[in-house]
Amino acid sequence: MKPLFFLLIFPLLFACQAPVKKEAHGKVVKVADGDTFTLLHNNNQQVRVRLHGIDAPERAQDFGNVARQKLSDLVFNQPVIIEEMDVDRYGRTIAIVYTADGVCVNEILLKEGLAWHYKEYDDNADWAKMENQARKQKMGLWSQPKAVAPWQWRKEKREPTKKAA
């Protein structure tokens with residue numbers, strides 16, 4: 001009876017474990033925009049990192065430079081811990097980023113109204129609430145009556161303007 005029990009239970013133990021997320025440490029050496037930076041790993045390898053679950057305004061958009069400056073204030077030339085979630089089609093590591101003292105950078109940008117919660121790629125209900133709270137308080141980009149989401153702004157830039165015939 002015991003061998004049969006272990007044959008049935010043993011695989012279930014592994015099935016119930018949460019997936020292990022990959023964690024990396026390093027120092028931020030460049031901030032590209034409000035949601036992308038370059039990390040110098042402790043092994044001297046550089047990796048481009050895109051913040052998971054949020055989308056900050058592009059640099060040419062309103063609040064784009066404000067978001068970039070905030071990200072820079074939080075992480076530039078500082079040690080960070082990244083929780084790697086994925087790699088995007090551009091080869092960037094998609095990650096949740098923490099400062100050395102444990103502050104979640106992704107959440108700070110949401111709370112201060114400097115990024116959208118990118119619900120297409122993340123279903124974190126707490127992050128949705130953070131965005132909604134910033135909207136209600138008209139913080140950051142939400143102080144504008146008609147803020148344009150970065151994914152919409154990028155789409156409009158890719159598509160040529162169609163003129164009426």
Requested in this report: Go through Glu131 and Lys119 one step at a time and tell me if the salt bridge (Lys or Arg N to Asp or Glu O under 4.0 Å) criterion holds.
Outcome: CA-CA 11 Å; Glu131 178 190 306; Lys119 296 173 186 81; 3.6 Å; yes

Requested in this report: Check the pair Lys70 / Glu112 against side-chain contact (heavy atoms from CB on, under 4.5 Å), numbers first and verdict last.
Outcome: CA-CA 9 Å; Lys70 182 62 181 184; Glu112 294 192 11; 3.1 Å; yes

Report task. Give the intermediate values and the outcome of side-chain contact (heavy atoms from CB on, under 4.5 Å) for residues His25 and Ile81. Result -> CA-CA 5 Å; His25 300 254; Ile81 301 162; 3.5 Å; yes

Requested in this report: Walk me through it: do Val75 and Val105 pass the test side-chain contact (heavy atoms from CB on, under 4.5 Å)?
Outcome: CA-CA 8 Å; Val75 301; Val105 174; 3.8 Å; yes

Report task. I would like to know whether Lys138 and Lys136 meet side-chain contact (heavy atoms from CB on, under 4.5 Å); could you show each step before the answer? Result -> CA-CA 5 Å; Lys138 298 192 183 315; Lys136 286 178 189 173; over 6 Å; no

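Salt bridge annotation for Arg48-Asp88: absent, with no cationic side-chain nitrogen under 4.0 angstrom from a carboxylate oxygen.
Hydrophobic cluster membership differs between Leu109 and Met139, with clusters built from Ile, Leu, Val, Met, Phe, Trp and Tyr side chains linked at under 4.5 angstrom. There is a path of hydrophobic side-chain contacts, each under 4.5 Å, that joins Ile54 to Tyr121. Linking ILVMFWY side-chain heavy atoms closer than 4.5 Å, directly or via other members, places Val148 and Val66 in two distinct hydrophobic clusters.
Annotation: side chain of Phe63 is in contact with side chain of Ser143 (closest heavy-atom distance under 4.5 Å). Side-chain contact between Met130 and Glu107 is present, with heavy atoms from C-beta onward closer than 4.5 Å. Residues Tyr98 and Glu83 form a side-chain contact, since some pair of their non-hydrogen atoms from C-beta on lies under 4.5 Å apart. Between Trp151 and Tyr118 the shortest side-chain heavy-atom distance falls below 4.5 Å. Side-chain contact between Val80 and Leu39: present, with at least one pair of heavy atoms (C-beta onward) separated by less than 4.5 Å. Considering only heavy atoms from C-beta on, Asp55 comes within 4.5 Å of Asp35 through its side chain. At least one side-chain heavy atom of Val97 sits less than 4.5 Å from a side-chain heavy atom of Phe37. Gln133 is not listed as a side-chain neighbour of Lys111, based on a closest heavy-atom distance of 4.5 Å or more.
In this structure, the side chain of Gln46 does not engage the main chain of Leu40 through any donor-acceptor pair within 3.5 Å. Here the side chain of Asn106 pairs a donor or acceptor atom with the backbone of His52 at under 3.5 angstrom. Side-chain atoms of Asp62 do not come within 3.5 Å of backbone N or O of Leu141 as any donor-acceptor pair. With hydrogens and angles ignored, the 3.5 Å screen pairs no side-chain donor or acceptor of Thr36 with any backbone N or O of Asp33. Distance alone, capped at 3.5 Å, is enough to place a donor-acceptor pair between the Thr99 side chain and the Val103 backbone. Remark: side-chain polar atoms of Gln61 are paired, donor with acceptor, to backbone N or O of Glu58 under 3.5 angstrom.
Summarising the geometry of Pro57 relative to Ala67, their closest heavy-atom pair is CD-CB, 4.1 Å, with the distance given to 0.1 Å. Considering all non-hydrogen atoms of both residues, Arg68 and Val31 come closest at NH2-O, 3.0 Å. Annotation for His41 and Ala24: closest pair CE1-CB, 3.2 Å, computed over non-hydrogen atoms.
In this structure, Asp123 places its CG atom where only 12 or fewer heavy-atom neighbours from other residues, nucleotides or ligands lie under 6.0 Å away.
Judged purely by distance below 3.5 Å, without hydrogens or angles, the side chains of Asp73 and Gln69 pair a donor atom with an acceptor atom.
With values rounded to the nearest 0.5 angstrom, Ile82 atom CD1 is found 14.0 Å from Arg50 atom CZ. In this structure, OG in Ser72 is found 11.5 Å from CG in Asn65, a value given to the nearest 0.5 Å.
The distance between the ring centers of Trp127 and Trp116 does not fall below 6.0 angstrom.
The side chain to side chain contact (heavy atoms under 4.5 Å, CB included) test with Leu51 is passed by exactly one of Leu71, Leu110, Ile94: Leu71.
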